[in-house]
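Just the heavy atoms: all of them, side chains too, but no hydrogens, waters or symmetry mates, feed the values below. Since the model is a prediction, treat every value here as computed from it, not as a measurement.
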Amino acid sequence: MQNILTNAMDEASVGLKPFDEPIYITRPLVPTLKQVTEKLKGVWQSKWLTNHGDLHRELEEKLQVVLKVRNVSVFNNGTTALLTALKALDLPQGSEVITTPFTFPATVHCIAWNGLKPVFCDIEPDTMTIDADKIEELVNKNTSAILGVHVYGLPCDVEKIQKVADSYNLKVIYDAAHAFTAEINGKGIGNYGDISMFSFHATKLFHTAEGGCLSYNDDQYIDKLYYLRNFGIKNEEEVVEIGINGKMNEIQAAIGLLNLDLIGEEKLKRKEIKSVYIKHLALLDGITLLEFPKNTTDSMGYFVVKIDQKEFGVSRNEIYDSLKQYNVFARKYFYPLCSEYEPYKQLKSSSTTNLPVANKIKDEVLCLPFYGGLGAVNAGKICKIIEYIKYRNKISTEVSV
Ligand SMILES: Cc1ncc(COP(=O)(O)O)c(C=O)c1O
């Protein structure tokens with residue numbers, strides 16, 4: 001047995017050594033400094049740095065086209081945008097919002113910060129989005145809304161969710177932080193529900209360093225969101241809402257406008273990396289690759305695998321740790337679940353019996369490095385390392401037997 005290890009696949013014979021530089025999960029797109037300076041010339045001349053400037057307006061108009069939605073309001077980050085969306089819906093204080101535990105903390109915090117109660121619903125095993133079939137059993141007279149997350153850009157079951165919402169007169173909000181330009185049957189994902197939020201954080205495919213936006217079809221929210229985003233100020237003498245400061249500044253908007261021109265090429269590069277990952281990893285037993293339903297588009301934000309420890313031979317955590325030894329920093333999105341966080345773990349809906357699928361999947365998911373600059377060769381090397389981790393374990397198990 002030991003011969004197999006030394007002759008066939010020891011580290012040296014497969015040419016594996018750690019990357020010289022750390023490989024992170026993503027690297028932000030950046031325009032050239034010259035382009036940024038050029039774009040900011042007008043801002044410097046006018047000295048109009050924030051408060052709904054020209055670039056802010058231009059970005060909103062362009063995003064309506066890119067996201068294929070009727071209305072867009074940009075914000076200084078996605079969290080403030082989501083906080084404001086929930087506020088704009090005027091949900092009764094203390095009412096319940098049904099959501100997923102399999103998300104970034106901001107999703108659930110925005111519910112709680114609005115004086116609302118999060119109620120966790122389990123997730124669907126393939127898309128890992130909120131399980132639309134399990135929402136109805138959580139609805140009661142205190143329920144006011146459903147907050148779904150298009151996690152990794154995989155769309156929630158928007159039709160089923162809307163059906164439940166219509167039956168019980170609930171609002172629907174989507175956290176589309178991961179789903180920039182995702183579509184269902186050619187329709188922009190920001191058209192579903194009452195309001196959707198996109199994050200433009202630097203880790204996202206499209207970013208403004210920090211930033212975000214809301215999209216919505218109902219024009220009644222245009223003014224409401226405008227006031228809420230700016231302290232509730234309507235004019236010099238009237239303050240009509242309990243608003244916040246959610247405005248995007250002109251420097252953020254400039255970066256966004258420049259980055260909009262870069263995302264097409266970036267997506268093509270990521271497509272190539274995705275195909276390298278799929279080609280190699282699909283061959284390994286115990287790894288499940290994420291599949292986007294046929295009628296949806298991948299927004300190319302994440303490359304996620306699920307590891308079945310029994311079949312793969314090594315746990316997700318061991319792969320994560322072993323990759324670090326090769327200078328590769330994958331991420332365990334989303335481990336732990338939001339239902340395990342200190343402020344939420346005592347909720348009735350946080351019990352593991354209520355969330356069996358989410359509690360299984362949180363130990364299986366791993367996000368691999370995914371950005372254009374990674375290149376196909378490095379993606380191939382990461383696959384080789386993962387294959388080696390599996391093989392090394394197989395051999396050591398056989399040797400010890
Ligand atoms: C699912 C999800 N929701 C909300 C947010 C918060 O967005 P932001 O960082 O723009 O405030 C993020 C992360 O950035 C996220 O991944």
Side-chain angles (χ1 to χ4, degrees), residues 48 50-93 95 97 99 106-107 109-116 144-150 162 165 170-177 179-180 188-201 204 206-208 210-250 252-253 256-257:
W48 195 291
T50 187
N51 286 11
H52 312 115
D54 288 346
L55 299 184
H56 171 289
R57 254 194 307 276
E58 190 185 335
L59 183 61
E60 284 189 342
E61 282 165 18
K62 291 221 162 119
L63 286 171
Q64 281 168 10
V65 179
V66 174
L67 296 173
K68 298 189 181 174
V69 294
R70 182 173 167 83
N71 297 302
V72 167
S73 304
V74 296
F75 282 77
N76 48 18
N77 61 62
T79 305
T80 315
L82 189 55
L83 275 176
T84 310
L86 285 156
K87 182 86 179 156
L89 294 174
D90 278 330
L91 305 173
Q93 277 296 295
S95 66
V97 178
T99 193
T107 314
H109 291 345
C110 285
I111 297 174
W113 268 54
N114 266 286
L116 304 163
S144 59
I146 302 166
L147 202 178
V149 180
H150 304 305
Q162 197 56 55
L170 308 175
K171 299 287 186 196
V172 179
I173 310 106
Y174 285 112
D175 179 335
F180 192 78
I189 200 152
N191 287 289
Y192 295 94
D194 293 277
I195 306 182
S196 297
M197 179 280 282
F198 295 85
S199 163
F200 304 155
H201 185 258
K204 304 294 187 280
F206 168 73
H207 75 90
T208 56
E210 290 272 6
C213 80
L214 297 177
S215 70
Y216 44 98
N217 284 320
D218 191 338
D219 293 349
Q220 68 158 317
Y221 294 122
I222 298 176
D223 286 348
K224 180 129 186 150
L225 288 169
Y226 188 91
Y227 302 144
L228 281 173
R229 183 177 59 188
N230 188 28
F231 313 101
I233 296 172
K234 184 172 182 183
N235 55 47
E236 281 186 48
E237 299 191 356
E238 285 179 280
V239 174
V240 293
E241 297 280 355
I242 304 172
I244 199 168
N245 182 0
K247 300 182 304 295
M248 177 180 275
N249 67 51
E250 291 293 273
Q252 290 172 291
L257 286 164

### Message
Using only atom types and a distance under 3.5 Å, with no angle test, would you say the side chain of T99 pairs donor to acceptor with the backbone of L147?
### Response
yes

### Query
Would a 4.5 Å heavy-atom cut-off, applied to side chains only, mark C110 and T79 as touching?
yes

### Query
Ignoring hydrogens and geometry, is there a side-chain-to-backbone donor-acceptor pair from N114 to L116 under 3.5 Å?
no

### Query
Would you call D219-R70 a salt bridge at under 4.0 Å N-O?
yes

### Between Y174 and Y192, ring centroids under 6.0 Å
no

### Message
Looking at E60 and R229, is any side-chain nitrogen of the basic one under 4.0 Å from a carboxylate oxygen of the acidic one?
### Response
yes

### Query
Hey, is the main chain of G256 close enough, under 3.5 Å, to the side chain of T208 for a donor-acceptor pair?
no

### Under 3.5 Å donor-acceptor, N230 side chain and Y227 backbone
no

### Query
In terms of side-chain heavy atoms, does K247 have a donor or acceptor partner in N245 at a distance below 3.5 Å?
yes

### Task
Ignoring hydrogens and angles, state whether a donor on the side chain of E237 or N235 is under 3.5 Å from an acceptor on the partner side chain.
no

#### Entry: S73-Y216 side chain donor-acceptor pair, cut-off 3.5 Å
yes

### Query
When you measure from the side chain of N249 to the backbone N and O of T50, does any donor-acceptor pair fall under 3.5 Å?
no

### Query
Is any side-chain N of the basic residue among K224 and D90 closer than 4.0 Å to the acidic one's carboxylate O?
yes

### Query
Has the side chain of Q252 got a donor or acceptor atom that lies under 3.5 Å from a matching backbone atom of N76?
yes

### Task
Please confirm whether the backbone N or O of N191 pairs with a side-chain atom of N217, one donor and one acceptor, at under 3.5 Å?
yes

### Charged N-O contact under 4.0 Å between E58 and K62
yes

